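So you know, we letter chains A, B, ... as the sequences are listed, proteins then strands, and number each from 1. When reading the values below, keep in mind they use all heavy atoms of this one structure, side chains included, and skip hydrogens, waters and symmetry mates. None of these values were measured; they are calculated from a predicted model.
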Protein chains: 4
Amino acid sequence: MRKDKPKYKQIIDAAVIVIAENGYHQAQVSKIAKQAGVADGTIYLYFKNKEDILISVFQEKMGVFVSKLEQIIARDLTASSKLGLMIESHFELLASDIHLAIVTQLELRQSNPELRTKINDVLREYLKLMDQILVKGMEDGEFDAKMDIRLARQMVFGTMDETITTWVMNDHKYDLIELAPKVQRLLLKGMQA
Amino acid sequence: MRKDKPKYKQIIDAAVIVIAENGYHQAQVSKIAKQAGVADGTIYLYFKNKEDILISVFQEKMGVFVSKLEQIIARDLTASSKLGLMIESHFELLASDIHLAIVTQLELRQSNPELRTKINDVLREYLKLMDQILVKGMEDGEFDAKMDIRLARQMVFGTMDETITTWVMNDHKYDLIELAPKVQRLLLKGMQA
Amino acid sequence: MRKDKPKYKQIIDAAVIVIAENGYHQAQVSKIAKQAGVADGTIYLYFKNKEDILISVFQEKMGVFVSKLEQIIARDLTASSKLGLMIESHFELLASDIHLAIVTQLELRQSNPELRTKINDVLREYLKLMDQILVKGMEDGEFDAKMDIRLARQMVFGTMDETITTWVMNDHKYDLIELAPKVQRLLLKGMQA
Amino acid sequence: MRKDKPKYKQIIDAAVIVIAENGYHQAQVSKIAKQAGVADGTIYLYFKNKEDILISVFQEKMGVFVSKLEQIIARDLTASSKLGLMIESHFELLASDIHLAIVTQLELRQSNPELRTKINDVLREYLKLMDQILVKGMEDGEFDAKMDIRLARQMVFGTMDETITTWVMNDHKYDLIELAPKVQRLLLKGMQA
DNA sequence: TATGAATGAGATTTCATTCAT
DNA sequence: CATGAATGAAATCTCATTCAT
């Protein structure tokens, strides 16, 4: 389905706005179409069905996170620095797009198990990259070589996720980005050799 | 709403089972009524509406977590030990009731933000108790006195939550409880003075 | 699904009227519900889905044809007389319920192949009874013992069907019933020994 | 509408194939266009609307039946022979084009009464020719001079139609053409003087 | 002539909630 | 207290047709 055409992106962006403003269950296709400035039927020229829109939203947006993280990993830095950059970059992306933050932290989690499974597939790629940082840190002697890597990853991701969700649920009335260094310090301490 | 009558609890328990077995979106009132062995209309003698059932499920079950945690806090122990017991106790409760674990970690999160806000109100009590442990640890010089207490709490809760959710999503095929000490160690290291 | 309850029959009869007056493709469930004097949702307490209504219409109404024909066959008459009574009875039933005639001869034939297959299952029972008459006639020496029974049945049914359909399509402006003896004579001549 | 241009016939033939292979309700304009190797919009340069395609299909194909029958009538034969040739010719045409048989016997009957009325207009020409044979037979003393000609025609057409439809519905697994003489004999007996 | 992207109307079905018994 | 039959609002997706190029 013509992902290069401008309307594809138009609809994705419209979906993010509509879901953020109306909530997942009130995000009817007709609302998304109106927001995108196209007819209802046009949606179906670019997406198989409603679920396909939502998965695509997640894929397109998560893609940005993944490529940012890939760039960070490619750089010649310590694992600690990479971890810090990752957190900062993750927070920045969501802080700069409140709509997207609402959608990923709150609304998309209301989707049915089927859809969530597909979302998890997308997420997994991100978590794999995260693991690369942890492994490097353990190999380089920065992180505790004996720590359970899965648990460590769950701590890192769980902490970031909880921090962002709390921020979103508090109507983002404080600065998320300035929490990044503190979160980094906390997590690093937990994992350091 | 007659919370003392046996049918009140019957319905709450039925709701947990039905949601766990069918998923949040397939947990119709009529199914809960059938599972509870009462007529559909009877539900409405004990609960205002469907949302009220779900909040009540969370309140009743969370109450157990809260009272367990209160007992732990009342004991004469170091903050670190209390934290360890809290994690262990939390894991134990969910590992011993898979239905409940599925409901709290996966299904109830599909509810709309409105309901989730109410659920968070219930959760807040638990988080406040958690804060007491952290404060005590900071005062006693066990934990870093300068750490951001909200962030620390988010790390603790986020890590526990992510760990349990991952366990549930992996069909609880490994032992959750034996992860508790490792989780404790990881978190303590992050927070220690 | 409660076929004994009066609402079941109410809905069936409403469906016949709505389909006859509006055509198959304009017979929305909401129209049938309104005609039956029930809410849209009530339909689904008695029928699995829209197709189920249509099949039930055919089954219920065809049941009358079948039982009439069974009575005729049970009587002590020559095959020729039975054939005559069958034609007469068939014509009478449809002439007395124009709505039903329109539905069976025109509207229900617009249904999709799936539904038509199910309708044919119902029809088969009627054709089997028809065969009994033909067999008896052949055994008793009334009908040509060497005729192809399938072809004979196709002639009988095809002629009746074509006659009724033509009558319906001509807005039943002439008397269908008085054609019965003529049709009988024609068919008997074709089959007689 | 340029009926002489090759694309006109291309589209007609494409329609027959698409309807036969996909069924009436799955024969979308876009499928017919693809099968014909033209763009969707091009269809509308040759046909007023979808219904117009279907009527044209019937007209074009029925034209073959009519001209065959005209040739038969023009020959110097008895009415009985003509009737026999007509049945044989009718069966042959459909047996040699299964797609067409499926379309005329099953699929086109799913169209709405409006369209069917128009199809009947086309059919009427064929039935008129059939009447010529019957009249001649009655005048020549071959057929019963007192028979109701309309009924007789309904018997002839209804029997042929039912025979062919049954053959199509049985996946044309037996030979239709060899049934022709038997059908002829049956019908002639019914009509003979 | 020919294209094909865009349009937008329209219907089935589910399920929380009510209320007469 | 308890019942359960009845209600009725609400949303996804299809596809014939158009029209700018």
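- Below 30°, between 30° and 60°, or above 60°: for F65(B) and Y126(B) the angle between ring planes is above 60°, a perpendicular geometry.
- Candidate nucleotides dA2(F), dA6(F), dA11(E) were compared by shortest atom distance to the side chain of Q26(C), and dA11(E) ranks first.
- Here the separation of dT21(F) from dT1(E), taken at their C1' atoms, is 13 Å to the nearest Å.
- The one candidate from Q110(D), Q105(D), R109(D) that meets the side-chain hydrogen bond (donor to acceptor under 3.5 Å, both in side chains) condition with E107(D) is Q110(D).
- Phosphate proximity of dA6(F) to K7(C): present, with a side-chain N or O under 4.0 Å from OP1 or OP2.
- Comparing atom distances between the K50(C) side chain and each of dT12(E), dT17(F), dA16(E) picks out dT12(E) as nearest.
- Of the side-chain N and O atoms in S30(B), none sit less than 4.0 angstrom from OP1 or OP2 of dC15(E).
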Apply side-chain contact (heavy atoms from CB on, under 4.5 Å) to N120(B) and M169(A), showing your working.
-> CA-CA 10 Å; N120(B) 272 324; M169(A) 291 191 71; 2.5 Å; yes

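- When distances are taken from the side chain of D40(D) to each of dC13(F), dG4(E), dT7(F), the shortest belongs to dG4(E).
- Out of dA2(F), dT12(E), dT7(E), the shortest distance to the side chain of T42(B) is found at dA2(F).
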Could you give me the CA-CA distance, side-chain angles and deciding distance for K118(C) and D121(C), then say whether salt bridge (Lys or Arg N to Asp or Glu O under 4.0 Å) is met?
CA-CA 5 Å; K118(C) 292 184 183 168; D121(C) 291 343; over 6 Å; no

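- Checking E51(B) against H25(C), the closest nucleotide of DNA chain E that is more toward the 5' end is the one next to H25(C).
- For the pair Y46(A) and dA6(E), the criterion of a side-chain N or O lying under 4.0 Å from OP1 or OP2 is met.
- Backbone-only engagement by V29(A) is indicated by non-hydrogen atom pairs under 4.0 Å involving sugar-phosphate atoms exclusively.
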